[in-house]
Enquirer: 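Let me begin by handing over the structure; questions about it come next.
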Amino acid sequence: MTDIFEGLNEEQKKGVLATEGPVLILAGAGSGKTRVLTHRVAYLIQKGISPYNIMAITFTNKAAGEMRERIDNMVEFGSEAIWVATFHSSCVRILRRFADHIGYKTNFVIYDADDSKTLMKHVLKKLEIDEKRYSPKMFLNAISNAKNELMDPETFLQGAMGDFNEEKKGQVYREYQEQLRSNNAFDFDDLIMKTVELFKRDGEVLKYYQEKFHYVMVDEYQDTNTAQFELVRLLSGGRRNLCVVGDDDQSIYKFRGANIYNILNFEMHYPDATVIKLEQNYRSTKKILAAANDVIRNNNGRKEKTLWTENDEGEPISLRQFESAFEEAEFVVDDIERKARKNEFSFGQSAVLYRTNAQSRLLEECFIRENVPYRIVGGVNFYSRKEIKDVLAYLKTIDNAVDDIAVQRIINVPKRSIGQTTVNKAVMYADSCGISFYDAICDAENIPGIGSAANKLKGFVLLIQSFQSFLREGKTVPELVKEVIEQTGYVNELRLEGTDEAKGRIENIEELVSKAATYQNDAEEPTLSGFLEEVALVADIDTLDTSLERVTLMTLHSAKGLEFPNVYITGMEDGLFPNEMCMMDESEMEEERRLCYVGITRAKEHLTLTSSRMRMIRGETRFNNISCFVREIDEKNIKGDTYIPKKKPLVDPFDAPPAKESPNAELFKRAKPKNFGTKIEKNPLDYSEGDRVKHAKFGEGTVAMINDGGRDYEVTVDFDSAGTKKMFASFARLVKLN
DNA sequence: CACAGGTCTCTTTTT
DNA sequence: GAGACCTGTG
């Protein structure tokens, strides 16, 4: 075994040594937190702790895989016995064993966001709720939030206190849960919540795990939600050797229920906690780090810490503003090409980050045109592509026909003349008999008013049964996948289409076959359920292979945890980043700022920030100012390159100063905080307190208060239906009524 | 029942 | 600008 403490700094050593009791490691970006975690595990094993008693939880499979690999390199044997897994896969593993203790079968299926949405639509239909007035998304959000807070439908309903909308949400939640159960399915949030429920309801099971896990470690702790907090608390409740690692400045998943107070208040939950701060950064240059600190310093409510580094001074950050998003994309690709040619940074060393997935399209087109190799992380997840979901729905149906959503998805795909009316009749029959949809169509001839469609349903059932017996003959998962796409004529249909799109779909299906083959080879005991499960829990980032010499394109969110020598953050514009939706709320603004901090700290040697004055967003041309985050960076840490507009400046309807053929000085003048932007220049308001106004998103309301906030007016409005909101006048774009 | 063509909404981020 | 959804026609 290698010397565990070699090359660690004092604080890192402390983190490795503090094995007993609760420990909070506040690890700044690039401070070697994964290193501490892996060395800590190695140290535990060296001390004689059985690997079987160690658990490490991460958020992504990629992080879990990397951790295991690094531990494996350090210890001689036993690393495979350590429980290293994501929150979700850990819960699946537990539920596969004990789900029957809480009224589910252990061969449950896992619903992704898409499946949940489909199910929600069924629920709304059943409860006769008008989708137009109440969007499925709204309910799904409410349910997800409730689950993240461990609130079951009954508690939710009690909390509604007669509020009409809350009651409605509660009823939908209840029905949604009932349908999940009858489909023997868990959605993503259930996996965590139901595991906690299992632990709370069944002391024996909890005790089993508490006695198993003597040492529990959690990575990226700042992203945990309340349910995950509770899960961790319970799991580590035996010996209380809980070590959490995280950085409150990198908490960027509030929208997904992450509770930043889990980390901020760790010492309140565990008063005897040892707290260790890792502040030395090994990743970035001094300039990049200084810029990151310049930005994050503007947040309140954070644990005070300042990252420092012994690395080189480095180049100041580059700032570029362009007339259009097209020019911006062109510049980024050209610059990457140029740097690759000069052997400064290879393609694989460069990454392009953006706030929204939609921004990737323009960039992608440029990469293709310039013939620069690239890869995009995220966007449409491989497993959420239509053709993949279709094939998977077949597999789910073959595996467990209890899942109505899967069966209904493919009953008429490819077309076999089973229309909506027939499906509806079967649904009604299933409901009235209290059986599953699949069981209903197995009994097709008894469905009232079914007529000649019965034969078609029978045909479908026979098809599924033939697959099931195919599997029983001992055929493997990849063989089954091939059989399905052949027998159903799915690929054939695509082949006949002959379009590029269809070809792409066929390629994707072939990719799925090879994924099945890989699974068949790698899994200890390959089963169809096992394959479906693995597939349900992969994130886009998991498949990122950084060894390929390609430029990586991804959102700032996906970039967390990664590092690249040469990084571009594009779309540094007010309204885009920080996003318009977040600019009205201080805490959301802080989250955006943390996201910016995450982005900046991905860069090791060179960082370029770009923005465009004009951009199409949702088919609408927008004129944006340079992001306020850029303005927070001290002038000495950033330099605006000479900017020569390629075209005549376009006329800006908001009367922005035209981009001049002038170097830094002019660019900077516009980027200074003083000039908060042209569109948002402080204009006298045409409404005053007491006036009726209209907001694009919140509807109509009454102005309650107007405060002069310096650069802008802060307006408080009581909206008729959206409640009271405080917002900046320039962004709110309130329109006076009457 | 299938398909074509129109309308509507939306996106900020995702395990 | 794209995808989801609806409607009318064959």
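Just so it is clear: chains get the letters A, B, ... in the order the sequence lines come, proteins before strands, and each one is counted from 1.
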Enquirer: Students often mix this up, so state it plainly: with edges at 30° and 60°, are the rings of Phe531(A) and Tyr519(A) parallel, tilted or perpendicular?
Expert: tilted
Enquirer: Under 4.0 Å, counting only non-hydrogen atoms across every strand here, what does Thr421(A) touch: a base, just sugar-phosphate, or nothing?
Expert: sugar-phosphate
Enquirer: Under 4.0 Å, counting only non-hydrogen atoms across every strand here, what does Phe188(A) touch: a base, just sugar-phosphate, or nothing?
Expert: base
Enquirer: Do we count Phe255(A) as stacking onto dT13(B) if the rule is ring centres under 5.5 Å and planes under 30°?
Expert: yes
Enquirer: Counting heavy atoms from C-beta on, name the nucleotide in dC1(B), dT13(B), dT15(B) closest to the side chain of Ser417(A).
Expert: dC1(B)
Enquirer: In a check of side chain to side chain contact (heavy atoms under 4.5 Å, CB included) between Val377(A) and each of Leu553(A), Leu562(A), Thr552(A), which one passes?
Expert: Thr552(A)
Enquirer: What's the CD-P distance between Gln420(A) and dA4(C), to the nearest Å?
Expert: 16 Å
Enquirer: What's the gap between dT13(B) and dA4(C) when it is taken at their P atoms, as a whole Å value?
Expert: 15 Å
Enquirer: When the distance from CZ of Arg385(A) to P of dA2(C) is rounded to whole Å, what number comes out?
Expert: 16 Å
Enquirer: In whole Å, what is the span from the CG atom of Leu140(A) to the C1' atom of dT11(B)?
Expert: 16 Å
Enquirer: Of all the choices, dG1(C), dT14(B), dT12(B), which nucleotide is nearest to the side chain of Arg256(A) once you look at every atom?
Expert: dT14(B)
Enquirer: Less than 6.0 Å separating the ring centroids of His557(A) and Phe255(A)?
Expert: yes
Enquirer: Once you round it to whole Å, what is the distance between P of dT14(B) and CD of Glu220(A)?
Expert: 15 Å
Enquirer: Under 3.5 Å, is there any donor-acceptor pair linking the side chain of His557(A) to the base of dT14(B)?
Expert: no
Enquirer: Testing Glu580(A), Glu573(A), Arg613(A) for side chain to side chain contact (heavy atoms under 4.5 Å, CB included) with Arg622(A), which one passes?
Expert: Glu580(A)
Enquirer: What's the spacing between Gln250(A) CD and Lys560(A) NZ if we round to 0.5 Å?
Expert: 6.5 Å
Enquirer: Rounded to the nearest Å, what distance is computed from the CG atom of residue Asn148(A) to the P atom of nucleotide dT14(B)?
Expert: 16 Å
Enquirer: Taking the nucleotide of DNA chain B with the nearest heavy atom to each, does Thr356(A) or Leu537(A) sit closer to the 5' end?
Expert: Thr356(A)
Enquirer: May I have the distance from Lys560(A) (atom NZ) to dT14(B) (atom P), rounded to whole angstrom?
Expert: 12 Å
Enquirer: Check every strand shown and say whether Lys137(A) touches a base, only sugar-phosphate, or nothing at a heavy-atom separation below 4.0 Å.
Expert: sugar-phosphate
Enquirer: Verify the ring-centre separation between Phe199(A) and Tyr209(A): is it less than 6.0 angstrom?
Expert: yes
Enquirer: Taking the minimum atom-to-atom distance to the side chain of Met581(A), which one of dT11(B), dT13(B), dT15(B) wins?
Expert: dT11(B)
Enquirer: So, is Asn357(A) close to the dT13(B) phosphate, meaning a side-chain N or O under 4.0 Å from OP1 or OP2?
Expert: yes
Enquirer: Picking from dT15(B), dT11(B), dT13(B), which would you name as closest to the side chain of His88(A)?
Expert: dT15(B)
Enquirer: Between atom CG in Asp187(A) and atom C1' in dT15(B), what is the gap in whole Å?
Expert: 12 Å
Enquirer: Does Ser558(A) or Lys456(A) map to a spot on DNA chain B nearer the 5' end, using the closest nucleotide for each?
Expert: Lys456(A)
Enquirer: Under 4.0 Å: is that the gap between some side-chain N or O of Lys415(A) and OP1 or OP2 of dC3(B)?
Expert: yes
Enquirer: Find the distance Arg594(A):CZ to dT13(B):C1' and express it as a whole number of Å.
Expert: 13 Å
Enquirer: Taking 4.0 Å as the cut-off, does a side-chain nitrogen or oxygen of Asn412(A) come that near to OP1 or OP2 on dA2(B)?
Expert: yes
